[in-house]
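What you are looking at is a predicted structure, and each value in this text was computed from that prediction instead of being measured. Numbering of ligands and ligand atoms starts at 1, following listing order. These numbers come from the heavy atoms of this one structure, side chains and all, not from hydrogens, waters or symmetry mates.
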Amino acid sequence: MIKKKIILDCDPGHDDAVAIMLAIANNEIDLLGITCVGGNATLENTKLNALKICSLINREDIPIYAGADKPIVYDLVTAEHVHGKSGLDTDGDPITLDKNHKIQDLHAVDFIIKTCKDSDVPIYLCPTGPLTNIALSLKKDPSIKDKIKEIIFMGGAALCLGNITPSAEFNIYVDPHAANIVLNSGIAVTMMGLDVTHKVNVNDSIINSIKSNNNKASIFFADLMNFYSRFHRDLYKSNESPLHDPCVIAYLFNHKLFQGKKVHVQVEEKSELTRGETVVDWLGVKKLQPNCNVITEADSETFFKILKNELSKLN
Ligand code: RIB
Ligand code: CA
C-alpha cells in the first residue's frame, strides 16, 4: 500500500497532540515532518510541546520545525484559557526532554517548500492551527501548488456558531488573511470545521476506555483530555469536549467516516464584529465556483474505536 505523505502543521494544543499521535500511529500515513505555528500558545510553547509529544511516545526521530510566531497581519491571539499557560497543561506528570532532542534549524516555511519540491509525489498539508505557515509557503513559492495533493485544515464554522467569537472559529479568527490565501489558491481544500468537530466529542467513558489500553500514549491521552475537558464542560455546560484536530488525520485514512459538500467559502478579514467568519455559500446563492469541501457530518462512534486502536499501537 502506498502511504500518504503528509506535513502536519500545528499549534499543540491538546487536540493537536492527539492528531500528532494518530498520524504517527497510522500505517497509511508517512509523516514527513511536524511544523509549528503560534496559535493555542506562543510559538515558543507550541514547538516545545511538539518536542514533548514526540518524546513521550519515543519518536524523537520525527523532525519538528518552527514557523510563524504571529499571523500575517494581526497580532497573535492565544488560547491559554483552553490549553493552559504552557499550551499543553496536563493532569499527568511533566515530560522531560533529552537535551539532544531539538527543533530543526530550517524554518517551517522553507521545510514545506523544500519537501513539496523534492517529493516524487504530491503531498498532503494538514494544518490544525492558524494557516499562517501554509499561506506564507504559498506566497514565497507559488510553484509548490503543483506538488500539493490536498490541504485538509481544521478550522471554520459553516452552519454553526464560532468558538472564539459568535461568528468565528479560533484558527481562522487568528489569521483570516492566511485562510483566504489557502482558499483562493486553486488547490483542493477540505475544511474540517466546528460543524463536524462538535460531533466528535470525548467524554469520561471514552477517556477511560482509551486509558485502559494502559500504554504511555493512551495514559497521556487521558491526562490531556481530563485537563482539556474542564474548560469545555464549563463553557458548554456539558460533559463532552470536541476533539477537533484528529478529525483531519482520520479523514486522510478513512474518508467514509465523514460527509460534506463542495461549496464556495471566503473569510471576513476586516470587520470588528465578524473577523474570521467563514462565509460558506451552502446553498450556492452567489453561483460562485466552489473552492472548498466543507465537512459537516462524522461517524463519531467508529472514529473513537479507530482512535483507541491506533493509540494502542504506540508506546
Ligand atoms: O477552534 C479549535 C481549533 O483551535 C483547534 O485546532 C484547537 O487546537 C485550536 O488550534
Ligand atoms: Ca490546533
Student: For the aromatic rings, using the six-membered ring if either is Trp, is the centroid distance between Phe111 and His107 under 6.0 Å?
Tutor: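 Not under 6.0 Å, so no.
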Student: One thing to verify: whether Lys4 and Glu28 come together as a salt bridge, which I'm taking to mean a side-chain N less than 4.0 angstrom from a carboxylate O.
Tutor: no
Student: Kindly tell me which protein residues have any non-hydrogen atom under 4.0 angstrom away from an atom of ligand 1, grouped by chain and ordered by number?
Tutor: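 Within the 4.0 Å shell of ligand 1, which is judged on heavy atoms, sit Asp11, Asp15, Asp16, Asn40, Thr128, Met154, Asn163, Glu169, Phe170, Asn171, His244, Asp245.
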Student: Measure up the Tyr251 and His255 rings against each other and bin them: parallel (under 30°), tilted (30 to 60°), perpendicular (over 60°).
Tutor: parallel
Student: First locate atom CD1 of Ile112, then atom CG of Leu136, and finally report the distance between them rounded to the nearest 0.5 Å.
Tutor: 9.0 Å
Student: Got a salt bridge between Arg233 and Asp204, using NZ or NE/NH1/NH2 to carboxylate O under 4.0 Å?
Tutor: yes
Student: Tell me whether the centres of the aromatic rings in His83 and Phe231 are closer together than 6.0 Å.
Tutor: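 Judged by ring-centre distance (under 6.0 Å), His83 and Phe231 do not meet the cut-off.
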Student: Donor-acceptor pair, distance only, cut-off 3.5 Å: does the side chain of Lys5 make one with the backbone of Ile29?
Tutor: no
Student: Charged N to carboxylate O below 4.0 Å: is that the case for Asp118 and Lys114?
Tutor: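 Yes, Asp118 and Lys114 are salt-bridged.
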Student: Can you count the protein N/O/S atoms lying under 3.0 Å from the Ca ion (ligand 2), leaving waters out?
Tutor: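 With waters ignored, the protein N/O/S count below 3.0 Å is 5.
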Student: Answer with yes or no whether the side chains of Thr296 and Gln259 bring together a donor and an acceptor at under 3.5 Å.
Tutor: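 Not at all, the side chains of Gln259 and Thr296 share no donor-acceptor pair under 3.5 Å.
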